[in-house]
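Heavy-atom basis, side chains included; hydrogens, waters and symmetry copies ignored.
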Amino acid sequence: LGVRGGALLLAAWLPNLPWGEDGLMLRLVLLNVGAIAIVLAVHRRQAPIARRLSYVSAVPAIAANAWYLVMVLIAVRRPVFPVPHPGFRLVFSSAALALWLSAALFGAVAIRIGAVTRWGALTLTIGALLASLGDSRWGFTTGPLGSLVEPLMLAGVFLVGVGWIWLGIDVGTRRRPATVQPQ
């Protein structure tokens, strides 16, 4: 499920595919549900090594993905997507920022614990930090550095998809937990 969600996130870069609003909603729903599935699978692998540290990253990642998923479902049911109401946009933007920052934390903790591929976790961490630059409240994409930051933000979203896929393949193919102990 997580690999499919990450793949659909990456599929947004394929030209000539008629995504529309329904396709956008499907991609976001599968990304969030898939990310939650991967977080749970990675947590199962990490918990025997560093239970508290694993919880510190898994709980925010699950909560942020669930929050963003709820916001997407609410927004799609509205007459205009995305919803133009400023209060709703603020909550939606906050959910997105929480999504990216919790993914970065999750990846960083996965690197530290070492129970899954560090390359996948590093890709997720870097991608999520870059994607967080797109938060409109910071003004990075519209200010004087916008022409530099916007491609970095999009590259970050792409890397998040790759990171989730990489972690999903890792937990799906390696059956035994790693025996690496944190330093």
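Residue Leu129 is tested with Ile126, Leu133, Thr125 for a side chain to side chain contact (heavy atoms under 4.5 Å, CB included); the sole match is Thr125.
At least one donor-acceptor pair under 3.5 Å links the side chain of Ser94 to the backbone N or O of Leu90.
Under the 4.5 Å side-chain criterion, counting only non-hydrogen atoms from C-beta, Phe158 is not in contact with Thr123. The closest side-chain heavy-atom distance from Ser132 to Leu97 is below 4.5 Å. For the pair Ile36/Leu40, a side-chain contact is recorded, criterion being any heavy-atom separation below 4.5 Å from C-beta on.
Note on Leu99 and Val56: separate hydrophobic clusters, where clusters join Ile, Leu, Val, Met, Phe, Trp and Tyr whose side-chain heavy atoms are under 4.5 Å apart, directly or indirectly. No chain of hydrophobic side-chain contacts below 4.5 Å, direct or via other Ile, Leu, Val, Met, Phe, Trp or Tyr residues, connects Phe106 to Tyr55.
Here the CZ-CD1 distance, from Arg51 to Ile49, works out to 11.5 Å after rounding to the nearest 0.5 Å. In this structure, Leu159 CG and Leu154 CG are separated by 11.0 Å, a value rounded to the nearest 0.5 Å. Between Tyr68 atom OH and Ser93 atom OG the span is 9.5 Å, to the nearest 0.5 Å. Rounding to the nearest 0.5 angstrom, the gap separating the NE2 atom in His43 from the CD1 atom in Ile113 is 9.0 Å. With rounding to the nearest 0.5 Å, the separation of CG in Leu152 from CG in Leu130 is 6.0 Å. Between the CG atom of Leu124 and the CH2 atom of Trp100 there is a distance of 9.5 Å, given to the nearest 0.5 Å.
Using cut-offs of 30° and 60° for the angle between ring planes, the Trp166 and Trp119 rings count as parallel.
When every heavy atom of Ile111 is checked against every heavy atom of Arg118, the shortest pair comes out as O-NE, 2.8 Å. Nearest heavy-atom pair across Thr117 and Asp170 is N-OD2, 3.2 Å. Heavy-atom minimum distance, Gln46 versus Ala110: OE1-CA, 3.0 Å.
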Which pairs would a plain distance check flag for residues 59-67, meaning a side-chain donor or acceptor within less than 3.5 Å of a matching protein atom at least two apart in sequence or in another chain?
| residue | atom | partner | partner atom | Å |
| --- | --- | --- | --- | --- |
| Asn65 | OD1 | Asn32 | ND2 | 2.9 |
| Asn65 | ND2 | Ala61 | O | 2.8 |

